[in-house]
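Everything on this sheet refers to the single structure shown next.
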Amino acid sequence: MQRLLALSVLAAAAPIALSDNGDFTSQETPAYRGQVGAEFVAFDVFTEAFGAPNAPDLAQCGAAFLTGLEPAALITSTGNIYSFSTETKFQLDYDQSAPLFDVRLQLRTLGAPLDDANVRLVPIDKNGVAGTPLSPDSVTPLAGGPGEFSFSWDLSLAGLTNGSFQVLFEASGPSMSLDVALLDVFCGRGSLEADVADVSAGTGGTQNLAIDAGSDNAGQTYLVLGSRSGTGPGVTLDGVSVPLNFDGYTLNTVSGANGGVFQNTLGVLNACGQAGAAIVVPAGLDPALVGLTLDHAAVVIDTTLLQIVFATDSTSIAIQF
């Protein structure tokens with residue numbers, strides 16, 4: 001089985017790496033950055049001073065946009081947002097649906113100081129309704145200079161199941177220049193999630209799988225494996241516990257990867273360590289298969305060592321009438 005897994009990666013592309021984070025050398029690196037459920041975005045060069053959103057231009061693992069709220073602001077020659085006559089104000093929007101555990105915003109500004117006592121996180125529910133603004137749990141001046149701060153919110157007990165929010169911040173006076181913004185988010189997303197739990201034997205159907213191995217595994221090869229004999233006790237490969245009992249169906253998922261039933265089940269994780277795959281169940285299955293449950297999990301393979309370095313959780317699909 002391990003030999004088959006090794007052969008399956010021969011067509012893998014070269015690894016993909018996250019962009020660097022600019023020259024913000026004093027930044028803090030949360031312990032969860034790069035792990036499952038972690039997202040990280042970084043803004044260094046801004047192109048819109050007012051009213052229109054700026055997308056992250058460095059690390060881009062997450063749906064975040066930063067918008068200037070001061071009409072008198074302008075873009076400097078170095079890509080900063082600046083106003084010499086007014087206090088600049090900003091809104092950072094972040095959107096995702098998993099439960100929210102931790103947020104850390106790090107800012108570097110030049111000129112007039114940031115109003116570090118007036119930074120707020122505003123939760124947004126699934127209907128787009130804003131909640132009560134939350135002050136940071138901690139505000140940390142960073143070692144790079146007087147314009148560098150880290151703001152963190154521990155939301156593990158807040159029950160924010162939607163995970164979307166805005167962060168509002170502003171200058172303490174005219175002539176503040178926004179230079180860099182970094183956002184780390186840790187949420188309750190699993191390493192393998194499915195959109196449906198069952199399909200019909202008569203009409204067939206598709207189960208879409210979302211793989212998240214963390215950006216530490218960016219550019220590595222993934223392979224979705226399966227079992228029809230359950231998840232426990234599972235097997236250990238290269239020291240990694242895989243939550244599947246290997247059987248004949250496992251061999252089918254290896255040899256049949258990226259074909260027929262198994263769509264995009266072998267490939268390369270993107271720069272965020274993520275990928276999508278699908279199990280496509282054809283219509284008109286033998287009625288004897290009704291009640292069958294198939295389990296799947298993905299393994300991540302180091303493309304240099306041809307060694308398994310990570311395995312996701314498992315998810316199941318049941319064949320119903």
Side-chain angles (χ1 to χ4, degrees), residues 1-13 15-16 36 189-214 217-232 234-235 237-238 240-270 272-303 306-320:
M1 180 63 70
Q2 286 181 280
R3 177 59 177 166
L4 287 172
L5 294 175
L7 290 174
S8 71
V9 306
L10 293 179
I16 303 169
V36 174
R189 184 175 55 244
S191 56
L192 184 67
E193 295 188 343
D195 62 342
V196 297
D198 55 68
V199 295
S200 166
T203 60
T206 298
Q207 182 189 62
N208 294 297
L209 300 174
I211 301 166
D212 179 6
N217 286 310
Q220 300 288 19
T221 295
Y222 71 89
L223 174 64
V224 176
L225 302 173
S227 173
R228 60 179 298 170
S229 53
T231 60
V235 298
L237 299 176
D238 297 328
V240 176
S241 178
V242 182
L244 297 172
N245 297 325
F246 280 13
D247 53 26
Y249 180 68
T250 312
L251 290 171
N252 291 340
T253 58
V254 175
S255 61
N258 290 351
V261 173
F262 310 113
Q263 295 297 305
N264 202 37
T265 55
L266 171 64
V268 175
L269 298 170
N270 66 17
C272 302
Q274 299 172 353
I279 307 300
V280 181
V281 178
L285 289 182
D286 187 336
L289 294 177
V290 171
L292 174 66
T293 296
L294 301 172
D295 296 288
H296 298 93
V299 294
V300 175
I301 307 166
D302 186 293
T303 53
L306 293 184
Q307 177 176 309
I308 293 173
V309 294
F310 179 84
T312 69
D313 301 326
S314 62
T315 188
S316 62
I317 182 171
I319 308 300
Q320 306 289 358

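Here the structure is a predicted model, which means the values were calculated and not measured. Note: hydrogens, waters and symmetry copies are ignored here, and every other heavy atom, side chains too, is used.
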Is there a side-chain contact between [X] and [Y] (heavy atoms, below 4.5 Å)?
X: L237; Y: V235; result: yes
X: L269; Y: F310; result: no
X: Q220; Y: D302; result: yes

Residues forming a side-chain hydrogen bond (donor to acceptor under 3.5 Å, both in side chains) with [X], sequence neighbours excluded:
X: T315; answer: none
X: N217; answer: none
X: S200; answer: T203

Identify the two heavy atoms, one from [X] and one from [Y], that lie closest to each other, and give their separation to 0.1 Å.
X: V268; Y: G219; value: CG1-O, 3.5 Å
X: G234; Y: N245; value: N-OD1, 2.9 Å
X: A311; Y: P243; value: CB-CD, 4.5 Å
X: S314; Y: A297; value: CA-CB, 4.2 Å

List the atom pairs, with distances to 0.1 Å, where a side-chain N or O of residues 253-265 and a protein N or O form a donor-acceptor pair under 3.5 Å, not counting sequence neighbours.
unit_1: T253; atom_1: OG1; unit_2: G226; atom_2: N; d: 3.2
unit_1: T253; atom_1: OG1; unit_2: T250; atom_2: O; d: 2.6
unit_1: S255; atom_1: OG; unit_2: L251; atom_2: O; d: 3.1
unit_1: N258; atom_1: OD1; unit_2: N264; atom_2: N; d: 3.3
unit_1: N258; atom_1: OD1; unit_2: T265; atom_2: N; d: 2.8
unit_1: N258; atom_1: OD1; unit_2: L266; atom_2: N; d: 3.0
unit_1: N258; atom_1: ND2; unit_2: L266; atom_2: O; d: 2.9
unit_1: Q263; atom_1: NE2; unit_2: G260; atom_2: O; d: 2.7
unit_1: N264; atom_1: OD1; unit_2: Y222; atom_2: OH; d: 3.4
unit_1: N264; atom_1: ND2; unit_2: Y222; atom_2: OH; d: 3.2
unit_1: N264; atom_1: ND2; unit_2: G276; atom_2: O; d: 2.4
unit_1: T265; atom_1: OG1; unit_2: N258; atom_2: N; d: 3.2

Which residues share a side-chain contact (heavy atoms from CB on, under 4.5 Å) with L292, sequence neighbours left out
R228, L289, L294, I319
Residues in side-chain contact (heavy atoms from CB on, under 4.5 Å) contact with A298, at least two apart in sequence or another chain:
I211, V224, T312
Could you go through residues 192-199 and list every donor-acceptor pair under 3.5 Å that involves a side-chain atom there, pairing it with any protein atom two or more places apart or in another chain?
unit_1: E193; atom_1: OE2; unit_2: G190; atom_2: N; d: 2.8
unit_1: D195; atom_1: OD1; unit_2: N208; atom_2: N; d: 2.8
unit_1: D195; atom_1: OD2; unit_2: N208; atom_2: ND2; d: 2.9

What pairs of residues pass the side chain to side chain donor-acceptor pair (under 3.5 Å) test when at least one of them lies in residues 287-297, not counting sequence neighbours?
Y249-H296
Here the gap from L244 atom CG to S227 atom OG, rounded to the nearest 0.5 Å, amounts to 5.5 Å
Residue pairs passing the salt bridge (charged side-chain N to carboxylate O under 4.0 Å, His left out) test where at least one lies in residues 252-263, sequence neighbours excluded:
none
